[in-house]
J.: 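Dumping the structure here so I can ask a few things about it.
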Amino acid sequence: WPSSDKHHALMVANHPPLSPKGAFTLELWLKAKPELASSSTAYLVDKKYASQNDYQLLLVAPDKSGARRVQLNLGFGQDSDAFFTNPVAFTPDKWHHLACTYDGAGTARFFLNGSSLGMMKRQGRGAISPGVHPLCIGDRVGSNYGGFAGYLDEVRITNVAQDFSPASISMTMDRKTWIRGEPSPGIDLEIRNKTSAEMKNARLTISGLANKTPSVTVPELAKNGTFAHSIPFDTMLRPDTYEVKARLELATVPPVEIEETIDRKSTRL
């Protein structure tokens, strides 16, 4: 679709374990054909179709540069929600590892070749609702069809929200709401090397602190080594909710970027 309304997919019969009861991870390897550039929406995995249940993973239609958003649609029984990334380019004839995780409590994360593609939160959401559709790999369950112009391999669903990054960022604080002008102890960060090799030449950038975007050089970290850093937060900002984002850039081949966010509120007395 729209060139030809034909189904081309691997169909797996409906079975209870295919509908995770809480947190889960959906991952696969994909290699796009050059023809993907001229196709519209491309469905990778679908068990949701026209229902309010289960899940659906797709690449939305490309923008003018040819990049596409990765979108995860989840059904919660009475309604559904969409989680998506910023536009990303998939190089033709090259294998990419794509993964999305859902924590069973409203937060979805996306990874491409170990790099973070972002995170989205939907307040008040819980586990997905199980449906009756078969699991469809490479297309959507029903018409209008929109298969993926390329190859898919090692499609896996696991009932845990996995982390595919070679390092992790944790952000903690004693509370998230502050009276304007109140002294703030800041946000504590910890970087952890999750690989068996030394982590070298890593750079940490923090955004969301008013007009400041400080950059920190992370020291070399051995296996399971950690680095702690504290971020001051200006509570004189006007009352609002501020998203503070930490981005860790690793000097690997290819480069890897990892992100973590936390919300802080400044309120009037």
J.: Show every side-chain hydrogen bond (donor to acceptor under 3.5 Å, both in side chains) that has at least one partner inside residues 129-141, sequence neighbours left out.
T.: Asn53-Ser129
J.: Stepwise, does the side-chain hydrogen bond (donor to acceptor under 3.5 Å, both in side chains) test hold for Thr172 with Asp188?
T.: CA-CA 5 Å; Thr172 59; Asp188 295 323; 4.5 Å; no
J.: Same cluster or not: are Met171 and Phe227 linked, directly or through other Ile, Leu, Val, Met, Phe, Trp or Tyr residues, by side-chain heavy atoms under 4.5 angstrom apart?
T.: yes
J.: Measuring only between side-chain heavy atoms, which start at C-beta, is Leu72 closer than 4.5 Å to Met120?
T.: no
J.: Taking side chain as C-beta onward, heavy atoms only, is Lys194 less than 4.5 Å from Pro166?
T.: no
J.: Find out whether Asn159 and Lys21 are in side-chain contact, i.e. whether some heavy atom of one side chain is under 4.5 Å from a heavy atom of the other.
T.: no
J.: Any luck finding a side-chain donor-acceptor pair between Ser143 and Asp5 under 3.5 Å?
T.: yes
J.: Tell me whether Asp46 contacts the main-chain N or O of Cys136 through its side chain, where contact means a donor paired with an acceptor under 3.5 Å.
T.: no
J.: Let me see the working for Lys200 and Glu198 under salt bridge (Lys or Arg N to Asp or Glu O under 4.0 Å), right down to the final yes or no.
T.: CA-CA 6 Å; Lys200 300 179 180 180; Glu198 283 188 334; 3.6 Å; yes
J.: Please lay out, stage by stage, how Arg247 and Glu249 fare under the test salt bridge (Lys or Arg N to Asp or Glu O under 4.0 Å).
T.: CA-CA 6 Å; Arg247 176 190 292 267; Glu249 299 175 49; 5.2 Å; no
J.: Taking side chain as C-beta onward, heavy atoms only, is Arg68 less than 4.5 Å from Leu36?
T.: yes
J.: With a 4.5 Å cut-off on side-chain heavy atoms, are Glu259 and Lys245 touching?
T.: yes
J.: Answer yes or no for Arg122 and Phe83: cation-pi contact, defined as NZ/CZ to six-membered ring centre under 6.0 Å and angle to ring axis within 45°.
T.: yes
J.: Indicate, with yes or no, if Trp29 and Phe164 share a hydrophobic cluster defined by side-chain heavy-atom contacts under 4.5 Å among Ile, Leu, Val, Met, Phe, Trp and Tyr.
T.: no
J.: If you define the side chain from C-beta out and look only at heavy atoms, does anything of Ile157 sit under 4.5 Å from Leu135?
T.: yes
J.: Tell me yes or no: between the side chains of Gln52 and Asp79, is some donor less than 3.5 Å from an acceptor?
T.: no
J.: Could you list the residues that satisfy side-chain hydrogen bond (donor to acceptor under 3.5 Å, both in side chains) with Thr195, not counting sequence neighbours?
T.: Asn193
J.: Would you say the ring centers of Tyr55 and Phe24 fall short of 6.0 Å from each other?
T.: yes
J.: Taking the side chain as every heavy atom from C-beta outward, state whether Ser215 and Arg203 have any atom pair closer than 4.5 Å.
T.: yes
J.: Hey, are the side chains of Leu28 and Ile137 touching, using non-hydrogen atoms and a 4.5 Å cut-off?
T.: no
J.: Using atom types as modelled and distance alone, determine if a side-chain donor or acceptor of Thr226 lies under 3.5 Å from a backbone N or O of Arg192.
T.: no
